[in-house]
Amino acid sequence: MQKILDQISAEVASAFEQAGYDPAYGKVTVSNRPDLCEYQCNGSLPAAKCYHKPPMAIAGDVAEKLKESALFSSVEAAAPGFLNLKLSASFLASYLEAMRTTEKFGLPTEPTPKTVVIDYGGPNVAKPLHIGHLRSAIIGESIKRISKYFGNHVIGDIHMGDWGLQMGLIIAELQQRQPELCYFDDSYTGSYPDEPPFTISTLEEIYPTASAKSKVDEDFAKKAHDATYALQHGKPGYRALWKHIMTLSVADLKKNYDNLNVSFESWLGESDAQPYIQPMLERMQAQGIITESEGAKVVQVQEPTDAKEVPPCILVKSDGATLYATTDLATMVQRQQDFHPDEILYVVDKRQSLYFEQLFRVARKAAIVPPQTKLQHIGFGTMNGKDGKPFKTREGGVMRLEQLIREITDFVRAKVEDNQLVPAQQVEETTRRIAMAALKYGDLSNQPTKDYIFDLDRFAAFEGNTGPYILYTIVRIKSILEKYGGSTDLPIQPPVTQEEKDLMLAITRFADSLQTAYRDAAPNVICAYIYELSGFANKFYHETRILAEEDALRQQGYIALIALTKSILETCIDLLGFSAPERM
Ligand code: ARG
């Protein structure tokens with residue numbers, strides 16, 4: 001479907017042409033004076049310079065040509081040469097009716113769908129998920145859903161940190177506790193048990209214990225390093241243990257991400273990229289882009305145009321160990337081989353932006369992806385507490401994701417129970433949905449790059465610019481539709497009141513908002529849009545006696561309008577990664 005602004009612009013452009021002026025002057029924008037008009041065209045001002053005529057004369061000529069247009073109920077030339085436009089009720093109704101009956105509300109999707117890999121989540125296996133991982137999951141999931149909605153083939157890749165020192169720490173600790181296990185017996189030749197020698201809760205306890213120990217016990221730290229090295233070089237008993245750790249952790253991660261409505265198409269991790277490292281390094285060696293620096297293998301990425309210093313990217317340390325960057329580049333090799341993506345997006349803390357700059361430069365130099373492949377780091381800021389410092393538990397420790405979700409859920413449940421509007425058997429599910437909306441909207445309504453303050457009272461409020469307020473609007477509409485009882489598949493009618501027209505005009509802005517959110521990878525644009533839309537919906541609801549309306553056709557128009565509003569709101573919150581309850 002043609003976007004409404006394009007349709008209006010085309011009409012005004014043709015009026016410019018009919019009046020003898022260049023149609024290029026007919027560009028229309030949403031009015032910045034909503035008290036005067038709905039749309040405006042300022043083209044007469046620059047046209048005046050070209051045609052050596054007063055702008056008001058040109059605006060007058062064009063207004064004259066638009067008199068008969070079916071699109072407008074009023075066209076006025078206003079000093080010093082603006083065209084003030086108001087849409088006709090019939091055109092607006094027919095535009096909304098087309099939106100209502102067209103797939104995706106007539107949104108112009110990607111003409112040639114792209115293959116997009118989105119790297120987000122990035123949890124470290126066997127380490128607890130914390131707040132930093134939360135933002136990546138929330139933002140990445142939304143960006144993925146938006147890109148899919150535009151028709152792209154999108155692969156969300158969790159890119160687990162499953163190959164680092166934490167594995168060696170766990171193995172070393174386990175060896176101290178249970179040295180008799182077959183995994184530690186070098187002469188063992190049998191097959192290893194299918195069942196892990198520990199549970200997920202032991203695993204959760206082992207890592208922090210081992211990590212703390214390694215900081216005070218040098219001997220233990222060395223054992224953990226050696227175990228990491230042995231694991232990475234294929235020691236069979238350690239590989240078997242690693243598999244156990246992975247099985248338990250992945251199941252646990254899936255549960256956590258399920259709770260967040262976050263899912264991944266690809267569950268690969270750093271370990272999966274390891275086989276690609278050696279061949280990649282050999283190719284880079286042959287390309288002549290690797291240099292030696294104090295025994296390490298590096299790639300120089302400084303460019304003459306750089307204002308700041310961009311340090312070389314280290315790929316192999318002097319002791320032969322590979323690094324975070326080596327693995328990320330090898331992962332890119334793998335993604336190129338498996339998917340030939342048009343874009344790879346990394347939703348990672350903005351403090352890693354220099355790192356990604358280096359990474360992308362190496363990838364370009366080594367031609368790991370074709371030059372036209374877009375590589376983008378979508379960096380996000382920190383979630384802070386009310387004191388403006390990174391969010392902590394009340395005791396001052398690192399806030400674990402599960403604990404945070406529990407706190408939000410408890411807070412919301414108390415409210416839901418207090419309101420007494422939800423039947424007992426629905427309290428848990430309703431609470432879950434409101435809590436998700438509070439958490440996700442609280443995060444996504446900020447520009448991703450900005451730091452923000454986590455404020456439970458504000459995020460969970462049922463009024464104001466919050467997720468629960470959006471849900472509340474949807475629930476309200478659901479309740480009217482339920483009381484109405486009839487089919488909601490009804491045609492949109494021309495608006496009669498201003499509130500009705502305002503709501504309809506807000507609905508027409510759907511495509512523009514989504515396109516901006518998609519183009520800029522900015523879910524916050526969708527939040528701003530649904531906040532505005534909800535405002536108009538509530539105002540309309542307030543000022544209109546929908547259920548008591550006696551004129552059947554008008555009532556059907558109202559029902560059609562709120563049903564369309566509801567569909568759009570539901571679509572938008574789904575793109576943000578949450579959903580509405582039946583009641584609240
Ligand atoms: N596992 C990393 C961390 O916890 C994040 C990974 C980000 N993604 C990437 N491709 N480097 O900090």
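Just so it is clear, the structure is predicted and the values come from calculations on it, not from any experiment. Note that these values count all heavy atoms, side chains included, but never hydrogens, waters or copies made by symmetry. Order of appearance sets the numbers: ligands from 1, and atoms from 1 within every ligand.
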Report yes if the side chains of Ser136 and Pro123 come closer than 4.5 Å at any heavy-atom pair, otherwise no.
-> no
Is Glu270 close enough to touch ligand 1? Criterion: a residue heavy atom under 4.0 Å from a ligand atom. no
CD of Glu282 to CD of Gln287, rounded to nearest 0.5 Å, is 12.0 Å
Going by the 4.0 angstrom heavy-atom rule, the piece of Met160 near ligand 1 is neither
Note to self: Taking the ring of Tyr183 and the ring of His244, is the distance between their centroids below 6.0 Å?
What the structure shows: yes
Sequence neighbours excluded, the answer for ring-ring contact (aromatic ring centres under 6.0 Å, His included) partners of Phe198 is none
Margin query: Looking at Val369, is its backbone amide N or carbonyl O close enough to the side chain of Gln336 to form a donor-acceptor pair, meaning the two atoms are under 3.5 Å apart?
Written below: no
Checklist entry - Does ligand 1 have any atom sitting under 4.0 Å from a heavy atom of Tyr324? => result yes
The protein heavy atom nearest to atom 2 (C) of ligand 1 is Gly122 O, 3.6 Å
Closest to atom 9 (C) of ligand 1 by heavy-atom distance, out of Arg351, His159, His377, His130, is His159
Atom 12 (O) of ligand 1 has as its nearest protein heavy atom Gln352 NE2, 4.0 Å
Out of Asn124, Leu129, Val347, the nearest non-hydrogen contact to atom 3 (C) of ligand 1 is supplied by Asn124
| request: For the pair Lys297 (side chain) and Val316 (backbone), establish whether a donor and an acceptor sit closer than 3.5 Å, ignoring hydrogens and angles. | output: no
Any N/O pair Asp328/ligand 1 closer than 3.5 Å:
yes
N or O pair under 3.5 Å between Asp119 and ligand 1 | yes
In ligand 1, the atoms that come under 4.0 Å of a heavy atom of Tyr346 are 10 (N)
Would you tabulate the side-chain donor-acceptor contacts of residues 108-115 under 3.5 Å, counting partners in other chains and residues two or more places apart, or write 'none'?
from: Glu110; atom 1: OE2; to: Tyr518; atom 2: OH; distance (Å): 2.7
from: Lys114; atom 1: NZ; to: Glu343; atom 2: OE2; distance (Å): 2.8

Practice item. Before signing off on this row, confirm whether Val348 and ligand 1 have an N or O atom pair separated by under 3.5 Å. Key: no
N-O pairing of Arg177 and Glu205 below 4.0 Å:
yes
